[in-house]
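These numbers come from the heavy atoms of this one structure, side chains and all, not from hydrogens, waters or symmetry mates. Indexing begins at 1, ligand by ligand and atom by atom, following the structure's order. These figures come from a predicted structure and were not determined experimentally. The first residue of the sequence shown is numbered 1, and numbering continues consecutively from there.
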Amino acid sequence: MVKPFVPQLVYIEPRALEYPLGRELQKKFEDMGVEIRETTSHNQIRNLPGENHFQKYRIAKSTLVVGIRKTLKFDTSKPSAEYAIPFATGCMGHCHYCYLQTTMGSKPYIRTYVNVEEIFDAAEVYMKERAPEITRFEASCTSDIVGVDHLTHTLKRAIEYFGKTDHGRLRFVTKFAHVDHLLDAKHNGRTRFRFSINDDYIIKYFEPGTSRLNERIEAAAKIAEAGYPLGFIVAPIYIHEGWKEGYLEMFEKLEAQLPSYARKDLTFEMIQHRFTKPAKRVIQENYPMTKLELDESKRKWKWGKYGIGKYVYNDNEQEAIKDTLGGYIKKYFPEAKIEYFT
Ligand code: SF4
């Protein structure tokens with residue numbers, strides 16, 4: 001069982017202490033006896049300990065930086081939402097395939113932003129622009145925010161903030177089961193709480209440092225009991241020897257453990273494994289022993305963002321994934337909605 005995250009080292013931007021959350025976190029970490037250092041900017045942590053890249057990367061992943069979010073222009077977040085809402089960046093998990101390794105580059109440490117009200121104000125402008133259309137905000141584009149929220153409660157505030165809005169919806173996804181503090185949040189049905197799930201082989205070999213499948217399902221049941229709309233993202237769907245049986249077992253476990261009230265308003269998203277050439281280099285550097293198959297010649301090249309092509313499964317394999325996993329969902333969760341396969 002993965003314990004709730006406790007940073008080994010904390011950096012605080014002096015300006016973060018102008019905000020109540022900044023001061024609260026400073027006190028919390030002092031009381032916990034965690035080493036606290038000052039940093040002028042969350043973008044420039046230069047003196048992280050560690051003698052080589054391998055060590056530095058691992059220390060960074062257990063370092064928390066308490067800072068201010070200066071850019072309040074939100075990125076778009078298709079296909080799951082209109083905008084990415086930035087409460088945190090980085091993650092303590094060690095998923096070998098994680099895209100954050102490339103997008104965070106030399107800054108794999110975890111950042112939490114304390115100017116939460118300013119982030120809400122920016123969200124309000126986006127909502128007003130689109131009203132009366134609903135605007136969906138995705139809170140987990142650059143982090144697994146649930147993994148750090150037992151310390152900050154920022155997500156809890158966001159859930160309650162969106163619970164009061166007329167045109168806003170919040171969504172996020174997690175691989176962590178530490179959800180107890182979120183059970184009494186006044187969500188008003190406006191937050192879709194999703195869990196990322198995968199078969200045992202993938203969780204075992206590629207998702208160290210995250211909650212196990214059973215823990216995620218147990219947490220999902222609690223979330224459903226608390227009345228949240230619930231969803232599962234099966235990602236990355238990865239073809240390995242025995243994958244059809246592996247995913248069958250995963251859906252069987254889900255079916256056996258998920259209470260009936262959790263199935264009323266249930267969504268599934270399906271995302272196949274993909275990688276880019278830069279991602280492959282970073283993965284092999286950060287996780288040199290990985291079993292993750294990253295052979296371009298076995299994949300189909302697909303045009304990607306910023307002109308960087310990504311390698312996805314070939315058309316036959318994609319069809320097999322859609323048929324197999326789509327079939328399992330229809331069989332075990334006939335009332336659920338499959339939102340997309342990508
Ligand atoms: S839990 Fe999500 S964000 Fe964290 S390392 Fe794994 S894939 Fe990346």
Heavy-atom pair of closest approach, residues Leu151 and Leu25: O-CD2, 3.5 Å
Carboxylate-amine/guanidinium contact Glu18 Arg23, below 4.0 Å: no
Contacts of atom 8 (Fe) of ligand 1 with protein N/O/S atoms, counting only those under 2.8 Å: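 For atom 8 (Fe) of ligand 1, the protein N, O and S atoms that sit under 2.8 Å away are Cys98 SG.
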Heavy-atom donor-acceptor pair, Asp149 side chain to Leu155 backbone, under 3.5 Å: yes
Result block: side-chain N/O donor-acceptor pairs under 3.5 angstrom for residues 230-245, not counting sequence neighbours:
unit_1 : atom_1 : unit_2 : atom_2 : d
Tyr238 : OH     : Glu293 : N      : 2.8
His240 : NE2    : Asp199 : OD2    : 2.7

Co-members of the apolar cluster containing Leu100 [side chain, <4.5 Å]: Tyr99, Met104
Donor-acceptor pairs under 3.5 angstrom involving side-chain atoms of residues 334-342: please list them, not counting sequence neighbours.
unit_1 : atom_1 : unit_2 : atom_2 : d
Glu339 : OE1    : Arg171 : NH2    : 3.1
Tyr340 : OH     : Glu269 : OE1    : 2.8

